[in-house]
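Below: one structure, written as structure tokens.
In this text the structure is predicted, and so the values were computed from the model without any measurement. Atom set for the values below is all heavy atoms of this structure, side chains included, hydrogens, waters and symmetry mates excluded.
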Amino acid sequence: MTKTAVVTAGTGGIGLETALGLAAAGFAVTVIGRDADRGARAVERINAERPAHPGRFLSVDLASLDQVRALADTLAAEHAASGEPLTVLVNNVGAMFARRQHIDGVEASFVVNHLSPYLLTELLLPTLTAGAPSRVVNVTSAAVVAARRVFEDVEPPGGYYGFHWYGRAKLANLAYLLDLAKRLRGTGVSVFAADPGGAATDMTSGTLTDPRIVSPPLRLLWPLVRRRLERSTSGSASVAARPSITAATDPALTGRTGLVIGPSAVPVAPFRAATDPRVADAVRRLSQAHAPVSTSAHTEHLT
């Protein structure tokens with residue numbers, strides 16, 4: 001039976017390298033992204049490696065929760081019709097915004113970095129469970145250490161600082177993923193977070209040069225911090241993709257769940273705040289309020 005994988009934001013950078021790695025491991029890979037030209041080039045690169053199964057591209061704006069819902073419906077219907085399992089879902093999508101933005105009234109960083117992968121995962125849980133053993137891999141970030149750990153609302157009080165808000169959204173997603181691992185024990189669906197360390201990508205290029213993305217107390221030190229960050233994000237995307245590929249394919253992880261795979265592609269201790277049940281509870285309430293999953297689907301994958 002064919003092993004299948006879906007990689008969001010898979011048309012470039014770490015996502016494309018992850019897709020290439022999965023294709024080389026024998027998966028039939030679907031890459032998700034907005035730009036059809038980038039998608040075509042990604043599929044061309046995948047197929048140039050002569051994989052066992054050709055790659056394909058689906059055009060979806062992952063910042064739109066409506067389009068995320070439609071994507072989940074499409075994938076679920078395809079797998080139900082074909083009988084092929086959905087073996088791996090890699091939520092690679094991520095974005096940092098230098099200025100406050102909103103998507104359908106919700107702060108953009110929280111939408112892209114947490115609500116989008118949260119909703120896609122929740123909607124595909126019945127499909128992943130039906131195809132078990134299967135894996136969910138969410139790409140996390142070391143920026144979680146800079147996060148404001150306040151989750152009473154989507155937008156924390158105070159001014160907008162893109163780096164901190166990016167880290168906060170990634171912290172929310174990591175807390176969700178670790179909580180999900182507990183919920184899914186015994187289902188055959190394993191969940192992992194992958195920390196890529198750093199690579200030069202479209203997201204990091206130029207964004208870190210703007211000191212306004214960090215809070216005023218950090219701005220005096222920002223040139224020094226930024227240089228360290230830029231050194232850490234100067235590596236290749238292929239190296240940064242190793243944790244995601246390992247989390248998705250390593251047979252040594254069979255039967256394990258709730259792990260963070262670090263930049264060296266081995267399990268590491270999760271950031272402590274992400275393991276706090278109070279953070280997980282607050283994130284769950286926010287997620288359900290702003291990206292509700294239908295009652296029937298929610299009940300189905302919890303039973």
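- Sparse packing is recorded around CG of D104, with 12 or fewer heavy atoms of other residues, nucleotides or ligands lying under 6.0 Å away.
- With salt bridges taken as basic N to acidic carboxylate O contacts below 4.0 Å, one links E155 and R100.
- The environment of CZ in R284 is crowded: more than 12 heavy-atom neighbours from other residues, nucleotides or ligands sit within 6.0 Å.
- For A175 against V279, the heavy-atom pair with the smallest separation is CB-CG1, 3.9 Å.
- Enclosure of atom CZ in R256 is not indicated, since only 12 or fewer non-hydrogen atoms of other residues, nucleotides or ligands lie within 6.0 angstrom.
- Looking only at distances, a side-chain donor or acceptor of T254 sits under 3.5 Å from a matching main-chain atom of P251.
- Without hydrogens or angle criteria, T87 side chain to T4 main chain gives a donor-acceptor distance under 3.5 Å.
- A heavy-atom distance below 4.5 Å is found between the side chains of T249 and F27.
- At a threshold of 4.5 Å between non-hydrogen side-chain atoms, the residues F271 and L171 count as touching.
- Linking ILVMFWY residues whenever their side-chain heavy atoms come closer than 4.5 Å, directly or via other members, places L115 and L125 in the same cluster.
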Set out, in order, the CA-CA distance, both residues' side-chain angles and the distance that settles side-chain hydrogen bond (donor to acceptor under 3.5 Å, both in side chains) for Y176 and E122, then state yes or no.
CA-CA 11 Å; Y176 157 69; E122 290 288 320; 2.8 Å; yes
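- Residue R34 comes nearest to S59 through the heavy atom pair O-OG, 3.3 Å, listed as atom of the first residue, atom of the second, then distance.
- Here the closest heavy-atom approach between residue V6 and residue I32 is recorded as CG1-CG1, 3.8 Å.
- The minimum heavy-atom distance between A146 and F163, with the atom names listed, is CB-CE2, 3.7 Å.
- Closest of all the heavy-atom pairs between D35 and D37 is OD1-N, 2.8 Å.
- Judged by distance alone, with hydrogens and angles left aside, the side-chain atoms of H79 form a donor-acceptor pair with the main-chain N or O of E84 at under 3.5 Å.
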As a quick check of understanding, evaluate side chain to side chain contact (heavy atoms under 4.5 Å, CB included) for H53 and V29, giving each step before the final call.
CA-CA 8 Å; H53 307 282; V29 180; over 6 Å; no
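- A donor-acceptor distance shorter than 3.5 angstrom exists from the side chain of E107 to the backbone of S109, with no hydrogens or angles considered.
- Checked by atom type and distance alone, the side chain of Q67 never pairs as donor or acceptor with a backbone atom of L62 at under 3.5 Å.
- With contacts defined as side-chain heavy-atom distances shorter than 4.5 Å, the pair L89/L120 qualifies.
- Under a 3.5 Å cut-off, the side chain of R168 and the backbone N or O of V150 do form a donor-acceptor pair.
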Between R135 and S190, does the side-chain hydrogen bond (donor to acceptor under 3.5 Å, both in side chains) criterion hold? Intermediate values first, please.
CA-CA 5 Å; R135 300 187 186 187; S190 296; 5.5 Å; no
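- Formation of a donor-acceptor pair under 3.5 Å by the N113 side chain with backbone atoms of Y166 is not found in this model.
- Atom CD of E78 is surrounded by more than 12 heavy atoms from other residues, nucleotides or ligands within 6.0 Å.
- No continuous path of ILVMFWY side-chain contacts below 4.5 Å connects L253 to V90, so the two sit in separate hydrophobic clusters.
- Put simply, the side chain of R41 does not reach to within 4.5 Å of the side chain of L16, judged on heavy atoms.
- A donor-acceptor contact shorter than 3.5 Å links the side chain of S134 to the backbone of L128.
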I would like to know whether R45 and E17 meet salt bridge (Lys or Arg N to Asp or Glu O under 4.0 Å); could you show each step before the answer?
CA-CA 10 Å; R45 276 202 60 189; E17 293 295 337; 3.7 Å; yes
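- The closest side-chain heavy-atom distance from N92 to V137 is not below 4.5 Å.
- In this structure, T275 and P270 approach most closely via the heavy-atom pair CG2-CG, 3.7 Å.
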How far apart are the C-alpha atoms of T121 and N91, what are their side-chain angles, what is the distance that settles it, and do they pass the side-chain hydrogen bond (donor to acceptor under 3.5 Å, both in side chains) test?
CA-CA 8 Å; T121 301; N91 288 303; 2.9 Å; yes
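- Here the side chain of K170 pairs no donor or acceptor atom with the backbone of W165 at under 3.5 angstrom.
- Side-chain contact between Y118 and L123 is absent, with no heavy atoms from C-beta onward closer than 4.5 Å.
- For the pair S264 (side chain) and V266 (backbone), a donor-acceptor distance under 3.5 Å is absent.
- At a threshold of 4.5 Å between non-hydrogen side-chain atoms, the residues L180 and R183 count as touching.
- Within the model, atoms OG1 of T127 and CG of L86 stand 6.5 Å from one another, a figure rounded to the nearest 0.5 Å.
- Between the CD1 atom of I261 and the CZ atom of F192 there is a distance of 6.0 Å, given to the nearest 0.5 Å.
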